[in-house]
Protein chains: 2
Amino acid sequence: MDTEWLPQPDPAEIEIGKVLHALADPIRLQIVRLLDERGGGSCTSLPEVPVKPSTVSHHLRTLREAGVVASMVQGNARKSVLRDADLETRFPGLLTAILRAT
Amino acid sequence: MDTEWLPQPDPAEIEIGKVLHALADPIRLQIVRLLDERGGGSCTSLPEVPVKPSTVSHHLRTLREAGVVASMVQGNARKSVLRDADLETRFPGLLTAILRAT
DNA sequence: AACTAGCTACGATGATCGTCGTAATTATTG
DNA sequence: CAATAATTACGACGATCATCGTAGCTAGTT
């Protein structure tokens with residue numbers, strides 16, 4: 001199946017500043033909520049996001065480089081998932097508080 | 001003493017998006033940490049912040065409009081304090097998680 | 001091999017924003 | 001009243017960034 005992961009920061013190297021910057025954009029926050037609800041997603045599997053797939057790809061990259069999501073490659077399909085466990089370890093309560101907000 | 005408060009959003013109207021945007025800037029995050037440590041501050045009482053007082057004023061305004069800080073006027077002196085209680089009510093655990101981060 | 005689908009890298013553009021200097025305001029002090 | 005200190009409003013500039021279109025890549029399919 002040749003599943004590989006795109007490069008991402010180690011849990012200990014996730015920086016609060018980069019995480020906050022990544023979550024500060026409303027589109028990225030919406031993407032994070034959708035990934036949380038559905039357990040993952042990709043550029044073309046989030047049609048309610050009001051930007052083009054190339055822009056979604058850019059946002060997923062930003063989220064991945066910040067340590068918020070992890071992206072796996074399976075053949076020609078990709079899937080991004082929230083790194084909720086890593087974030088909970090690194091910044092306890094942070095992601096929960098944000099996702100719980102109205 | 002004629003203490004008055006500058007306009008600020010009600011606790012129920014604080015938006016997570018604006019709070020995250022306000023905290024995403026590294027200078028503003030530093031200001032928030034200093035206000036937390038010292039219980040308050042003003043434009044000229046935060047010399048370790050590497051920007052000019054006029055810029056600190058701008059950041060304090062951004063933080064106040066987002067609902068992160070409250071600013072009081074006493075004569076010619078002003079003092080801004082963290083709205084930690086309001087934030088804890090509105091987004092439980094959020095500020096604590098951020099301030100606890102290394 | 002050719003073709004299709006999914007995704008991204010790249011370049012460009014327009015908007016937002018962080019920063020600063022200056023001027024103006026306000027209140028306290030001499 | 002004059003002077004000083006604290007703070008902000010304003011205008012301007014430079015940088016960052018969100019967005020898009022297109023081209024190119026990879027893997028699976030026919």
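Convention: sequence-line order gives letters A, B, ...; per-chain numbering from 1.
- In this structure, the side chains of A:Val19 and A:Glu15 stay at 4.5 Å or more apart for every pair of heavy atoms.
- Between B:Glu65 atom CD and C:dG18 atom P the separation is 12 Å, expressed in whole Å.
- The shortest distance between side-chain heavy atoms of B:Thr3 and B:Val73 does not fall below 4.5 Å.
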Can I get a per-line list of side-chain donor-acceptor pairs under 3.5 Å for residues 91-102 of chain B, giving both atom names and the distance, sequence neighbours left out?
from, atom 1, to, atom 2, distance (Å)
B:Thr102, OG1, A:Arg90, NH2, 3.4

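- Interface residues of residues 51-64 of chain B facing DNA chain C, ordered by number: B:Val51, B:Lys52, B:Ser54, B:Thr55, B:His58, B:His59; criterion, heavy-atom separation under 4.0 Å.
- Considering every non-hydrogen atom in both B:Val68 and B:Ala22, the closest pair reads CG2-CB, 4.4 Å.
- Counting to the nearest Å, the P atom of D:dT8 and the CG atom of B:Leu46 are 11 Å from each other.
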Item to complete: Tell me, with the steps shown, if B:Ile14 and B:Leu87 meet side chain to side chain contact (heavy atoms under 4.5 Å, CB included).
Response: CA-CA 8 Å; B:Ile14 300 177; B:Leu87 287 172; 4.3 Å; yes
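- Scanning for salt bridge (Lys or Arg N to Asp or Glu O under 4.0 Å) contacts around B:Arg83 gives B:Asp86, with sequence neighbours left out.
- Whole-Å rounding puts the A:Glu4 CD to D:dA27 C1' distance at 12 Å.
- At D:dT7, one or more side-chain N or O atoms of B:Ser42 fall inside 4.0 Å of OP1 or OP2 (strictly under the cut-off).
- The side chain of B:Arg78 contributes no N or O atom lying less than 4.0 Å from OP1 or OP2 of D:dA6.
- Heavy-atom distances under 4.0 Å link DNA chain C to no residue of residues 21-40 of chain A.
- When the nearest nucleotides of DNA chain D are assigned to A:Asn76 and A:Pro50 by heavy-atom distance, the more 5′-ward of the two goes with A:Pro50.
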Under 3.5 Å donor-acceptor pairs involving side-chain atoms of residues 45-53 of chain A, not counting sequence neighbours:
from, atom 1, to, atom 2, distance (Å)
A:Ser45, OG, A:Ser42, N, 2.7
A:Ser45, OG, A:Ser42, O, 3.3
A:Ser45, OG, A:Ser42, OG, 3.2
A:Glu48, OE2, A:Arg38, NH2, 2.3

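- Looking at residues two or more places apart in sequence or on another chain, you find a salt bridge (Lys or Arg N to Asp or Glu O under 4.0 Å) between A:Glu65 and A:Arg61.
- In this structure, NZ of B:Lys79 is placed 19 Å from C1' of C:dA27, rounded to the nearest angstrom.
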